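Notes follow the structure.
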Amino acid sequence: MSVVTRFAPSPTGFLHIGGARTALFNWLFTRHHGGRFHLRIEDTDRARSTEAAIAAIFEGMRWLGLDWDGEVLFQFARAARHAEVARRLLAEGKAYYCYCSPAELEAMREQAKAEGRSMRYNGYWRDRDPGEAPSGVRPVIRFKAPQSGETVIRDLVQGAVTVANEQLDDLIILRADGTPTYNLSVVVDDHDMGITHVIRGDDHLTNTFRQTQIYRAMGWDVPHFSHIPLIHGADGAKLSKRHGALGIEAYRAMGYLPEALRNYLLRLGWSHGDDEVIGTAQAIAWFDLDNVGRSPSRFDFAKLEHLNGLYIRQSGDEALVAAMLPFLEEKTGRPLTERERTGLLIAMPSLKERAKTLIELADKAGFVVAARPLAYDAAAAKQLAGEAVAALDAVRRRLAEVAPWNAATTEAAVRAFAEASGLKLGKLAQPLRAALTGQAVSPPIFDVLAALGREETLARLDDALTRS
RNA sequence: GUCCCCAUCGUCUAGUGGCCCAGGACGGCGCCCUCUCACGGCGCAAACAGGGGUUCGACUCCCCUUGGGGACGCCA
């Protein structure tokens, strides 16, 4: 049997991290089995669905590299089909009109709560003669759920989960205004789309009981369910705006690479022995549902950062310069010059070893685009005080004669001078670093020289010498 | 409150009755490398929630307790 899956977010907010992982698992599972992966926008809540949210979902999926098959399905467009199914259930006596008012329902809930029952709706209209219907009230259609026995879900992740049918009340499938509710729409769409595997957050587990009952009532095949545990914040509480429940675009803005985020999300709740660094091709080859864990996990930025640093180091220099550019130009507030771009490329091999995010990368690359004369921070100013100046002056004269100009030639020149004057390299490297970057910390000093080029290097040295 | 689910180092996890006085990774700490910072290498501290069973033998199976989570909408 070929596999058909879907990711079905509701466009009422942005694509958050939990949703992204659900999408990733669906995508991985489908690609692993060579099936079809669909995207369905559950926009039946007209009041809360927004175009912006839909755009954010598309954008987030694309950025993460999760491509879907075929056209995007908008659930609201299928409302007539959903209503048709509701009416069929009604015609077959598997559903009924309910005329209870919201106030009456509220009272029933209160009573159920007081009695310690979970069954909310008391089935008032279930077997009542429609002739008793109050006039002027538009009824909802309720599903006639089985009242005894039990409903069992065979979940590929959670195992067999059973609930007594007495626990479940007759849910509304069609609202008074004739629009379908979630549990009906999902079942109809999943069936019509030929979905074979439903992989979603385990907050849907209890919905699954009712959905299963609808499938059975319609005589439809029940798909395989996999309810994956939710992702929690660092404090163990449900992910909210306070923690990591940011839109996926926020992670992009924080300078994370999509491949790193994919790897991180994959390892949250899924494992393959002791493997930690798993590229996408490998993930597709390995991913399956039996290694998905059942307990919720906490989102850990430190580990994401570590992974991101790993992927940054593995990335090509040119790609990194391109990826970092927006972050850097945001700092400079101007487009970079040719000399600066070239410098960045030259410095990238040593730069990328020092950054865990693109923001950090842009930060460390700051010396390349800094405007003369440089501002020295306290540690740098300290390096440029006292006898360092004389040494710097001598080094400047040696450097002026270096050709061609690169890390190896400049290093040879400075080392030779250090040896001749009996100085440790550090005694020269630190003042140089301060004069050229304005800081006491930077990539290896000769990489800095190479990245700046002869002209800029000598000019910055002159700045330092004339200032002291 | 009711129902459902979960429970190994701080965090993510390996472990499917003996290979485990529990392994890996992140984070922490220390050392090495070294022109600073990183990277890298080496090492250290750190967990089977508690209590009962079952068994020759439990991290692994069962029960209870405790703790955590989720669901209880004419939202999705």
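First the proteins, then the strands, lettered A, B, ... as listed; each starts at 1. Just so you know, these numbers come straight off a predicted model, no measurement behind them.
- A/Tyr124 has its OH atom 19 Å from the C1' atom of B/C74, to the nearest Å.
- Across residues 422-429 of chain A, A/Leu425, A/Gly426, A/Ala429 each have a non-hydrogen atom less than 4.0 Å from an atom of RNA chain B (numbered order).
- Of the candidate nucleotides B/G24, B/A76, B/C35, B/C35 has the atom lying nearest to any side-chain atom of A/Pro444.
- Of the candidate nucleotides B/C35, B/C12, B/A76, B/C12 has the atom lying nearest to any side-chain atom of A/Leu268.
- Using N1 to N3 plus N6-O4 or O6-N4 for Watson-Crick, or N1-O2 and O6-N3 for G-U wobble, each under 3.5 Å, B/U11 pairs with B/A25.
- In this structure, the side chains of A/Phe417 and A/Leu425 stay at 4.5 Å or more apart for every pair of heavy atoms.
- Annotation: ring pair (Phe, Tyr, Trp, His ring centres under 6.0 Å) contacts of A/Tyr99 (sequence neighbours excluded): A/Trp125.
- Taking only side-chain nitrogens and oxygens, A/Ser442 never comes nearer than 4.0 Å to OP1 or OP2 of B/U36.
- Scanning for salt bridge (Lys or Arg N to Asp or Glu O under 4.0 Å) contacts around A/Glu106 gives A/Arg109, with sequence neighbours left out.
- If A/Phe446 and A/Leu304 are placed on RNA chain B by their nearest nucleotide, the residue sitting closer to the 5' end is A/Leu304.
- Identified under the salt bridge (charged side-chain N to carboxylate O under 4.0 Å, His left out) test for residues 408-426 of chain A, with sequence neighbours left out: A/Glu411-A/Arg415.
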I'd like to compare against my own output: the B/S/- annotation of nucleotides 4-11 of chain B with a strict under-4.0 Å heavy-atom distance to protein.
SSSS---S
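- Residues passing the salt bridge (Lys or Arg N to Asp or Glu O under 4.0 Å) test with A/Lys331, sequence neighbours excluded: A/Asp363.
- Remark: A/Asp202 pairs with no residue by the salt bridge (Lys or Arg N to Asp or Glu O under 4.0 Å) rule, at least two apart or across chains.
- The partner of B/U2 is B/A71, by the rule that a Watson-Crick or G-U pair needs both atom distances under 3.5 Å.
- Taking A/Phe58 as the reference, A/Trp68 meet the ring pair (Phe, Tyr, Trp, His ring centres under 6.0 Å) condition, with sequence neighbours excluded.
- Centroid-to-centroid, the aromatic rings of A/Phe299 and A/Tyr251 come within less than 6.0 Å.
- Partners of A/Arg210 under the salt bridge (Lys or Arg N to Asp or Glu O under 4.0 Å) rule, at least two apart in sequence or in another chain, are A/Asp169.
- For a distance-only test at 3.5 Å, the side chain of A/Asn207 qualifies as a donor-acceptor partner of the base of B/A76.
- Residues passing the ring pair (Phe, Tyr, Trp, His ring centres under 6.0 Å) test with A/Phe7, sequence neighbours excluded: none.
- Non-hydrogen atoms lying under 4.0 Å from RNA chain B are contributed by A/Cys100, all within residues 94-104 of chain A.
- Using a 4.0 Å heavy-atom cutoff across all strands shown, A/Thr179 reaches no nucleic acid atom at all.
- Applying the 4.0 Å criterion to OP1 and OP2 of B/G73, one finds that A/Arg109 has a side-chain N or O inside that range.
- Pair check for B/G30 finds B/C42; Watson-Crick or G-U wobble, both atom distances under 3.5 Å.
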Might you list the N or O atoms of the protein lying below 3.5 Å from N or O atoms in nucleotides 38-43 of chain B, with each pair's distance?
unit_1, atom_1, unit_2, atom_2, d
B/A38, O2', A/Glu353, O, 2.4
B/A38, N3, A/Glu353, OE1, 3.4
B/C39, O3', A/Arg313, NH1, 3.0
B/G40, OP1, A/Arg313, NH1, 3.3

